[in-house]
Structures are given as C-alpha cells and as structure tokens.
Amino acid sequence: MKREFTIDCGPDFSFFHAAKSHGWYDLPPFKFDDDDASLSGAFIAERGVISFCVRGAGDKLKVTATGQTSEEVVTQVVKHVLRMEDDLTDFYTQTRSDGAMNWVTELNGGRLLRSPTVWEDLVKSICTTNCSWGLTRKMVGNLVEKLGSSGSDGIKAFPSPGEMASVSVDFYKDEIRAGYRSAYLFELADTVASGKLDPASWMHSNLPIADLKKEIKKIKGVGDYAAENLLKLLGRYDGLALDSWLRSQFYVRHNGGQKCSDKKIERHYSRYGAWRGLAIWCDMTEDWFK
DNA sequence: GCGTCCAGGTCTACC
DNA sequence: GGTAGACCTGGACGC
C-alpha cells in the first residue's frame, strides 16, 4: 500500500540541513538522493516493514510511504528522525550572538539526523568505532542486506535485535566483516532481544547525563566517543564525542593546524554549556553547507 | 599481485 | 587513574 501526504514543518525548519547534518544519511537504510534532494529510509512497524521518502517543499514536507501502517505512524517516525520537535531555542540564542556560529541560526541548522530507533543508532555508533567511514558503510550495509527484513517494495529495514541475535558470532565476522566487534554486536543483540536491556528507555531517561553515559558505556564496544555520539542523538549534548576527524578539524580551524589536548578543545566550547556537543559539531561542519 | 604499514576507538592488563 | 598493547579491517604504498 502506497500513500502520499504532507507534514507541516513551518518556516524555521530546514529539511536539507537536518537530512545532511551528519553522515547517517549515507548509511542504509537511509539514502539521500542529491538529484531530487530527498531522503529515503525504512523502519519496522507492527505489520511489517515501511519504507518512506521525504522531500522538502517550502514550509511542508512531502512524504511517500509504502507498507501497511497509518499516516500518523509514518509522520511520527519522520518527525523523530529529522528532529522536527527538538527545541533549539536556547542553542540558537547562543549561536546568534556568536559571530562565527551565526550561520547555524540563519540556516536553521543543528538538527542531527537520527535513526527510527535508539537500537539502530546504538549499533551504527559501534560500527563507526576504530575504522574508516568506508568500513562503517560496509558493516552497516551488510547488516541491512543480510539480516534486514524487506517491505512490499523490496526495501529493507535495519535488522531488529531478534534478527541480529538469530545469527552466530562467526556470521558477524565472516559476513558482516565486523572483526573484533562481532562478539560485541552479538552479545548486545542477545541482551536487547531477551529484554535485559531497553535502549529505547534512554530516550526519556531522567538520569543525570554522567549516569546515563555510564549506563551506555557498560555495553562492550562503546567507549567515550560512541556513548557521547549516541547521547547527541538522544538530545543530550554535554559531551563533545571527539573522534580523530573532529580533532583534526579543530586543529585546523582553531589551533593553527597544530595538535592540542582534548582539554583545550573542551575549554573552547565550554561557553556553550549543555549545548557544547552540538556547538562543536556545527562549528566543524560549517564548510559542508557553503 | 603480494607484503607491509598505518589509522581508527575500545578493551584489558598492568603499574 | 593513567598507560601500553592488542584487537581487525581496508586503504595506501613500495616492490
């Protein structure tokens, strides 16, 4: 079943800047089509896999969805992945008064694309650790292709915890090419599938940021970077989620190309308080939108 | 084509 | 708490 409808997004939302805010649009099931500036994706609903395609159209989004579910469910997922209901008022107040960051306010940036589920973001975060972006794409692509279920149009969704727990550690090594992460991914899938861990609960957790980070870091394969990256996707921006790319960008933009300590980077963004993780990301990706 | 080196983030053992 | 080495893959490079 295919349906088309629109979602009001208002004049202060930029579909393009949300969809291409970071590399997630490049990881399946997401796909960004540059020719018609559309983002497509897929998710698992009650009665099977739903695929969707979103385009920006002024103060509306045009959505095409295939599969058996309601317009409301698809709308909810689209709003979730594009961060449409995130309140960035405080952040924009700060970027507006910061000459170098004013572009974020003017372009309505700062909405970091996320997956339909915390589970998917968690697994993808682990797949970004200790490897090139090319390998991340390969691992995530293999997960979707070899373990994901298809919708009526043949488009596959990211595999559920159950689907990922149904194969062996060797499958992750040989087929997914996850290397030493294989045991981590299998163990994580098994823990979530059996109900011992519920990543979705982190979305509305009342835990202080430090405690929530500790909780997330209990998962094998998740260290400071991966935990802070996931926290950003949960709407908690206290951590910088420093990786080699972010550090190298900072050195060039703010330290004359010379290496410096992480503490210096942290001091640079400390004025943004609880928004510092979003501030560094916007600052380092400004060139993407020029 | 083959072998070697390197980058990447986290875990574990050790101090 | 801090540090060193191992983990594994793919790309770059030299031969």
Any donor-acceptor N/O pair under 3.5 Å between B:dG8 base and A:Tyr225 side chain: no

Strictly below 4.0 Å: does [X] bring a side-chain N or O up to OP1 or OP2 of [N]?
X: A:Ser244; N: B:dG8; result: yes
X: A:Lys138; N: C:dT9; result: no
X: A:Arg177; N: C:dG10; result: yes

Could you state the [atom1]-[atom2] distance from [X] to [N], rounded to the nearest angstrom?
X: A:Lys263; N: C:dG2; atom1: NZ; atom2: P; answer: 8 Å
X: A:Leu135; N: C:dG11; atom1: CG; atom2: P; answer: 8 Å
X: A:Arg137; N: B:dG8; atom1: CZ; atom2: P; answer: 19 Å
X: A:Asp224; N: B:dG8; atom1: CG; atom2: C1'; answer: 15 Å
X: A:Trp133; N: B:dA7; atom1: CH2; atom2: P; answer: 21 Å
X: A:Asp174; N: C:dT9; atom1: CG; atom2: P; answer: 9 Å
X: A:Glu187; N: B:dC11; atom1: CD; atom2: C1'; answer: 12 Å
X: A:Met139; N: C:dC7; atom1: CE; atom2: C1'; answer: 13 Å

How about CD on A:Glu71, more than 12 heavy atoms from neighbouring residues, nucleotides or ligands closer than 6.0 Å, or not? yes

Whether over 12 other heavy atoms sit under 6.0 Å from A:Lys146 NZ: yes

Starting the side chain at C-beta, find the nucleotide from [options] nearest to [X].
X: A:Tyr184; options: B:dC11, B:dT10, B:dG8; result: B:dC11
X: A:Lys220; options: B:dG9, C:dG10, B:dT12; result: B:dT12
X: A:Tyr180; options: B:dG8, C:dC7, B:dT12; result: C:dC7

Starting at the 5' end of nucleotides 1-6 of chain B, put B wherever the base has a protein heavy atom under 4.0 Å, S where only the sugar-phosphate does, and a dash everywhere else. ------

Distance in Å, A:His80 NE2 paired with A:Leu233 CG, rounded so as to fall on 0.5 Å steps: 8.5 Å

Distance check, rounded to the nearest 0.5 Å: A:Gln249 atom CD versus A:Asn255 atom CG? 13.5 Å

Regarding [X], tell me which of base, sugar-phosphate or nothing describes its non-hydrogen contacts under 4.0 Å with the strands shown.
X: A:Ser132; result: nothing
X: A:Gly221; result: sugar-phosphate
X: A:Ala226; result: sugar-phosphate
X: A:Ile219; result: sugar-phosphate

Contact summary for A:Asn142 and A:Glu175, nearest pair of heavy atoms: ND2-O, 3.3 Å

Evaluate the side-chain proximity of [Y] to [X]: yes if any heavy-atom separation is below 4.5 Å, no if none is.
X: A:Val77; Y: A:Val74; value: no
X: A:Phe30; Y: A:Val81; value: yes
X: A:Ile7; Y: A:Val78; value: yes

